[in-house]
Amino acid sequence: MATQETPSFDDLEPVDNSTDDDYDSEWIELEPGESVVGEIRELSPNCGKYDTTVIELARGIGDVVAMWSNGQIDNALDDNDLGEGDVVGIKHTEQTSMFTNEDGEEQEYDIWKVRELPAGGPE
(Lines give C-alpha, C1' and ligand atoms only; values in the text may rest on other atoms or scores of the structure.)
Protein backbone atom coordinates (compact mmCIF):
# COMPACT_ATOMS: atom_id res chain seq x y z
CA MET A 1 0.00 0.00 0.00
CA ALA A 2 2.94 2.33 0.61
CA THR A 3 3.79 2.42 -3.08
CA GLN A 4 0.18 2.80 -4.23
CA GLU A 5 -2.07 5.80 -4.04
CA THR A 6 -4.61 5.72 -1.22
CA PRO A 7 -8.03 4.77 -2.59
CA SER A 8 -11.02 7.02 -2.14
CA PHE A 9 -13.82 6.11 0.24
CA ASP A 10 -16.12 5.35 -2.70
CA ASP A 11 -13.64 2.75 -4.03
CA LEU A 12 -13.82 0.68 -0.83
CA GLU A 13 -16.19 -2.25 -0.23
CA PRO A 14 -18.91 -1.74 2.43
CA VAL A 15 -18.44 -3.72 5.62
CA ASP A 16 -21.13 -5.43 7.66
CA ASN A 17 -22.49 -2.73 9.93
CA SER A 18 -24.67 -4.93 12.11
CA THR A 19 -23.45 -5.27 15.63
CA ASP A 20 -23.79 -8.43 17.64
CA ASP A 21 -24.36 -6.36 20.77
CA ASP A 22 -23.98 -8.26 24.02
CA TYR A 23 -26.96 -6.34 25.31
CA ASP A 24 -29.67 -7.20 22.82
CA SER A 25 -31.70 -8.12 25.86
CA GLU A 26 -34.32 -5.86 27.38
CA TRP A 27 -32.89 -3.14 29.64
CA ILE A 28 -34.63 -2.77 32.97
CA GLU A 29 -34.49 0.01 35.51
CA LEU A 30 -35.87 -1.00 38.89
CA GLU A 31 -38.02 1.61 40.62
CA PRO A 32 -38.11 1.76 44.43
CA GLY A 33 -39.94 -1.34 45.71
CA GLU A 34 -39.23 -3.41 42.57
CA SER A 35 -37.00 -6.46 42.35
CA VAL A 36 -35.70 -8.92 39.80
CA VAL A 37 -34.64 -12.56 40.23
CA GLY A 38 -32.52 -14.46 37.75
CA GLU A 39 -29.36 -16.36 36.94
CA ILE A 40 -26.37 -14.14 36.33
CA ARG A 41 -25.38 -14.67 32.70
CA GLU A 42 -22.67 -12.03 32.50
CA LEU A 43 -21.07 -9.27 34.55
CA SER A 44 -19.41 -6.58 32.43
CA PRO A 45 -17.47 -4.08 34.55
CA ASN A 46 -16.31 -0.59 33.54
CA CYS A 47 -19.13 0.19 31.12
CA GLY A 48 -20.59 3.51 30.16
CA LYS A 49 -19.85 7.04 31.23
CA TYR A 50 -19.34 6.16 34.90
CA ASP A 51 -17.45 2.83 34.50
CA THR A 52 -20.40 0.94 35.94
CA THR A 53 -21.00 -2.82 35.84
CA VAL A 54 -23.71 -4.17 33.55
CA ILE A 55 -25.49 -7.27 34.84
CA GLU A 56 -27.26 -9.67 32.50
CA LEU A 57 -29.82 -11.89 34.24
CA ALA A 58 -31.81 -14.79 32.78
CA ARG A 59 -35.24 -14.66 34.39
CA GLY A 60 -36.42 -17.69 32.42
CA ILE A 61 -35.97 -19.42 29.10
CA GLY A 62 -35.44 -16.72 26.49
CA ASP A 63 -36.01 -13.92 29.01
CA VAL A 64 -32.67 -12.21 29.54
CA VAL A 65 -32.55 -8.67 30.89
CA ALA A 66 -29.71 -6.23 31.40
CA MET A 67 -29.39 -3.61 34.09
CA TRP A 68 -26.88 -1.16 35.48
CA SER A 69 -25.33 -2.18 38.77
CA ASN A 70 -24.10 0.15 41.51
CA GLY A 71 -21.56 0.07 44.32
CA GLN A 72 -23.94 -1.62 46.76
CA ILE A 73 -24.78 -4.41 44.31
CA ASP A 74 -21.15 -4.84 43.19
CA ASN A 75 -19.95 -5.08 46.81
CA ALA A 76 -22.61 -7.65 47.70
CA LEU A 77 -21.72 -9.80 44.67
CA ASP A 78 -17.97 -9.53 45.37
CA ASP A 79 -18.25 -10.10 49.14
CA ASN A 80 -20.28 -13.27 48.58
CA ASP A 81 -18.33 -14.59 45.56
CA LEU A 82 -21.41 -14.40 43.35
CA GLY A 83 -21.01 -14.39 39.60
CA GLU A 84 -21.97 -16.11 36.38
CA GLY A 85 -24.29 -19.06 36.97
CA ASP A 86 -25.49 -17.93 40.41
CA VAL A 87 -29.17 -17.17 40.97
CA VAL A 88 -29.68 -13.84 42.69
CA GLY A 89 -32.41 -11.43 43.60
CA ILE A 90 -31.77 -7.69 43.41
CA LYS A 91 -34.16 -5.25 45.04
CA HIS A 92 -34.32 -1.48 44.87
CA THR A 93 -35.84 -0.90 48.30
CA GLU A 94 -37.96 2.06 49.25
CA GLN A 95 -35.45 2.88 52.01
CA THR A 96 -32.88 5.64 51.80
CA SER A 97 -29.91 6.67 53.90
CA MET A 98 -27.69 9.73 54.19
CA PHE A 99 -23.95 10.39 54.12
CA THR A 100 -21.81 13.50 54.26
CA ASN A 101 -19.64 14.02 51.19
CA GLU A 102 -16.13 15.51 51.20
CA ASP A 103 -17.62 19.00 50.76
CA GLY A 104 -19.56 18.57 54.01
CA GLU A 105 -22.90 18.32 52.20
CA GLU A 106 -25.42 15.65 53.17
CA GLN A 107 -26.38 13.32 50.33
CA GLU A 108 -29.31 10.93 50.25
CA TYR A 109 -29.03 7.59 48.48
CA ASP A 110 -31.30 4.62 47.83
CA ILE A 111 -30.73 1.27 49.56
CA TRP A 112 -30.34 -1.82 47.37
CA LYS A 113 -30.41 -5.44 48.58
CA VAL A 114 -29.02 -8.60 47.02
CA ARG A 115 -30.05 -12.14 47.92
CA GLU A 116 -28.80 -15.49 46.65
CA LEU A 117 -30.41 -18.84 46.02
CA PRO A 118 -29.03 -21.22 48.66
CA ALA A 119 -26.98 -24.20 47.49
CA GLY A 120 -29.36 -26.97 46.53
CA GLY A 121 -32.14 -24.60 45.46
CA PRO A 122 -35.25 -23.33 47.19
CA GLU A 123 -36.26 -24.96 50.44
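Note that these values count all heavy atoms, side chains included, but never hydrogens, waters or copies made by symmetry.
Gln95 CD to Trp112 CH2: the interatomic distance, rounded to the nearest 0.5 Å, is 13.0 Å. Taken to the nearest 0.5 Å, the CG atom of Asp86 stands 11.0 Å off from the CG atom of Leu57. A distance of 10.0 Å separates CD of Glu84 from CZ of Arg41, quoted to the nearest 0.5 Å. The structure places NZ of Lys113 at 12.0 Å from OG of Ser35, a figure rounded to the nearest 0.5 Å. In this structure, CD1 on Ile73 lies 5.0 Å from CD1 on Ile90, to the nearest 0.5 angstrom.
A donor-acceptor distance shorter than 3.5 angstrom exists from the side chain of Asn101 to the backbone of Asp103, with no hydrogens or angles considered.
Contact check for Arg59 versus Val36: side-chain heavy atoms found under the 4.5 Å cut-off. Residues His92 and Met67 are not in side-chain contact: their nearest non-hydrogen atoms beyond the backbone lie 4.5 Å or more apart. Put simply, the side chain of Gln72 reaches to within 4.5 Å of the side chain of Ile111, judged on heavy atoms. Inter-residue side-chain proximity for Trp27 and Val54 is flagged as met; some heavy-atom pair is nearer than 4.5 Å. Residues Leu77 and Ile55 meet the side-chain proximity criterion, which asks for heavy atoms closer than 4.5 Å.
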* Glu34/Ile28 under side-chain contact (heavy atoms from CB on, under 4.5 Å): CA gap, chis, key distance, verdict -> CA-CA 11 Å; Glu34 294 182 332; Ile28 60 171; over 6 Å; no
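Every residue was checked against the side-chain contact (heavy atoms from CB on, under 4.5 Å) condition with Arg115, not counting sequence neighbours, and none meets it. Shown here are the side-chain hydrogen bond (donor to acceptor under 3.5 Å, both in side chains) partners of Asp74, two or more places apart in sequence or in another chain: Thr53, Ser69. Residues satisfying the side-chain hydrogen bond (donor to acceptor under 3.5 Å, both in side chains) test with Glu102, not counting sequence neighbours, are none.
Taking all atoms of both residues into account, the shortest heavy-atom contact from Ser25 to Glu56 is OG-OE2, 3.2 Å.
Side-chain heavy atoms closer than 4.5 Å link hydrophobic residues (I, L, V, M, F, W, Y) into clusters, and following such links, possibly through other members, connects Val114 to Val65. Connection of Val88 to Val64 is not established within any shared hydrophobic cluster, with ILVMFWY side chains joined at heavy-atom distances below 4.5 Å, either directly or through further cluster members.
Other residues, nucleotides and ligands contribute over 12 non-hydrogen atoms within 6.0 Å of the CZ atom of Phe99.
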